[in-house]
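Position 1 is the first residue of the sequence, and the numbers go up from there. Source: prediction; values computed, not measured.
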Amino acid sequence: MSFDASLQEAHTLDPTRRRVDLGTFFEVSLDLLIIRDLDGMVVKASRSWLTTLGHDPAEMVGKSLLRLVHPDDLPGTQGSVIEVETRKPGAPILGFRNRYRHRNGDYRILEWRAQRFEDRIYAVARDVTERVAEERALVEAKAAAEAASQAKSDFLANMSHEIRTPLNGVIGIVDALSRTAMTPEQAEMVALIRQSGVTLERLVSDVLDVSKIEAGQVTLEDRPFDLDEAFVSAAEVARQRAEDKGLTFQLERGPDVTGLFRGDSTRIRQVVSNLLSNAIKFTGQGSVTLRVDLQPLADGTACLAFDVEDTGVGFDADHAGRLFERFNQADSSITRRFGGTGLGLSICRALVELMGGEISALSEPGVGSRFSVKLPLRPADADARPAAMSPARPVEYGAERPLRILLAEDHPTNRRVVQLILDGHDIDLTMVEDGAQAVAAFAGERFDLILMDMQMPVMDGLTATRAIRGLEAARQPARIPIVILSANAMPEHHAQALAAGADLHLPKPITAETLLGGINAALGA
């Protein structure tokens with residue numbers, strides 16, 4: 001019999017059978033049944049009071065029920081008693097919980113259903129002590145898991161910042177050095193340093209991507225993009241890496257792989273780049289092939305299908321099922337032979353599934369592998385051209401005087417990186433070491449653009465940005481573009497920068513392309 005049915009049965013019995021059936025019912029019920037008068041005295045109690053709480057039902061008759069209630073729960077219980085006594089007929093009290101004393105001195109948690117019928121209160125209780133303990137344990141476990149997740153996110157964000165800060169110096173200075181006159185041997189060494197820096201940046205980005213995917217913080221863009229551009233850049237980078245390794249690279253495109261579509265071209269490019277990078281890494285000789293096809297569907301959408309095939313080391317069927325799991329690679333020796341974290345394929349699978357697609361793999365050890373991806377695409381309007389951006393072009397500024405830029409950056413190497421990138425441009429650069437100095441410089445001089453680090457001593461970049469916007473509002477001058485340059489690269493950092501009043505957030509490490517492109521974008525905005 002259900003919990004609520006016990007209460008209903010207790011006071012709706014046929015009067016001619018009530019005495020016999022009620023007695024039997026009170027003997028066999030597993031729930032705690034009680035009938036009391038309006039003075040609070042027990043009229044009848046079920047045998048389950050003895051088995052559950054150790055109180056003899058016969059000894060309870062004529063005594064106050066409230067004497068068994070925990071003192072701390074008594075005020076609430078008395079309020080519930082008044083409520084059930086004064087409610088209109090047919091309106092029971094449901095779900096009230098309090099603690100009742102066991103005969104051995106312990107307390108058990110009871111959950112009540114009670115209703116008045118004439119001059120009696122009919123109530124049913126159930127021992128929910130274990131359930132409450134489980135609920136409490138679940139809440140505590142959830143809180144602990146959330147705290148651990150937040151601690152992990154904070155740790156990854158801090159590690160990202162600490163790694164990206166010196167990495168910004170390495171990549172930025174090497175980028176500046178690569179644009180100077182060098183001997184062939186020097187150019188080769190610079191290229192090796194640049195490649196190692198890019199690899200390290202990718203590893204940091206992979207760890208952050210995993211954290212964002214776990215936290216459900218990956219946001220997909222929905223904007224027009226050119227399908228050609230989504231593949232050409234990734235394919236050209238792969239072609240250069242393959243040829244440097246002595247491999248043959250082929251790009252095979254179907255006749256319909258062109259046009260404007262809506263979606264997240266950055267994430268599509270990331271999947272293609274990851275698969276191509278893996279193929280090149282695990283192929284010692286032979287070829288890597290990227291095949292792309294586009295299949296129109298009856299509902300007006302299209303299915304983008306691409307395969308990445310290689311003649312590399314391959315893997316067996318036992319490893320195929322685990323290949324897309326995090327930190328898993330086809331063979332334990334691969335970590336030593338080829339490097340990597342085992343995160344790339346798990347990120348690919350997560351991104352593909354977020355975009356509504358599917359990814360699969362076929363392979364034969366010693367022969368090669370083929371990874372296949374299918375993604376749904378929605379055509380974009382013909383006039384919805386994607387915004388073209390040429391980040392490598394020089395800074396464009398219409399005034400006849402030099403462009404005045406204020407740089408707030410506490411790290412001397414990172415200040416030098418920006419200085420080296422901007423050398424040769426018609427720019428007057430003023431550098432300060434913290435946000436407070438940036439606010440003071442802005443208050444005393446006129447600038448055309450501000451480059452602001454996010455994490456600085458004395459005053460951080462977000463606080464400084466808000467202070468500068470406040471000064472602007474008070475003085476009502478023209479709004480100055482502010483670009484946040486930050487080693488804090490999580491999505492929330494981007495949102496914090498824009499919320500503080502910045503026009504753009506550029507994650508470190510920066511290169512000439514990203515910095516000049518960001519300056520042009522901010523000036524254009």
Item to check | salt bridge (charged side-chain N to carboxylate O under 4.0 Å, His left out) between Arg378 and Asp222, intermediate numbers included | outcome: CA-CA 10 Å; Arg378 293 181 293 114; Asp222 183 19; 2.8 Å; yes
Checklist outcome for this item: Residues Arg223 and Ser265: closest non-hydrogen pair is NH2-OG, 3.4 Å
Next on the checklist: Using the rule given for side chain to side chain contact (heavy atoms under 4.5 Å, CB included), can you reason through Glu358 versus Val373, listing the C-alpha separation, both sets of side-chain angles and the distance that settles it, and then say yes or no?
Outcome noted: CA-CA 6 Å; Glu358 56 186 35; Val373 176; over 6 Å; no
Next on the checklist: For Asn274 and Ser277, which I'm curious about, is there any donor-acceptor pair between the side chains at under 3.5 Å?
Outcome noted: no
Item to check | Any side-chain heavy-atom pair of Ile347 and Gln270 under 4.5 Å | outcome: yes
Checklist entry - So how far is it from Lys281 NZ to Leu276 CG, rounded to the nearest 0.5 Å? => result 13.0 Å
Checklist entry - Between the side chain of Arg126 and the main-chain N/O of Val128, is any donor-acceptor distance below 3.5 Å? => result no
Next on the checklist: Is the distance between the ring centroids of Tyr100 and Trp112 under 6.0 Å?
Outcome noted: yes
Next on the checklist: Please find the pair of heavy atoms, one from Val439 and one from Ala467, that lie closest to each other, and give the distance.
Outcome noted: CG2-CB, 3.9 Å
Next on the checklist: Within the 3.5 Å criterion, strictly below it, is a donor on Asp307 or Ser372 matched to an acceptor on the partner's side chain?
Outcome noted: yes
Checklist entry - Under 30°, 30 to 60°, or over 60°: which ring-plane class applies to Tyr122 and Phe117, parallel, tilted or perpendicular? => result perpendicular
Next on the checklist: I'd like to know if the side chain of Arg469 and the backbone of Gly501 have a donor-acceptor N/O pair within less than 3.5 Å.
Outcome noted: yes
Item to check | Donor-acceptor contact present, side-chain Glu83 to main-chain Gly79, <3.5 Å | outcome: no
Next on the checklist: Assess, by modelled atom type and distance only, whether the side chains of Ser29 and Asp31 contain a donor and an acceptor separated by less than 3.5 Å.
Outcome noted: no
Next on the checklist: Check whether Thr465 reaches the backbone of Gly461 with its side chain - one donor and one acceptor, N or O, closer than 3.5 Å.
Outcome noted: yes
Item to check | Donor-acceptor contact below 3.5 Å, side chain Arg36 vs main chain Val43 | outcome: no
Next on the checklist: Classify the ring geometry of His102 against His55: parallel below 30°, tilted from 30° to 60°, perpendicular beyond 60°.
Outcome noted: tilted
Checklist entry - Quick one: does NZ or CZ of Arg475 land under 6.0 Å from the six-membered ring centre of Phe442, within 45 degrees of the ring axis? => result yes
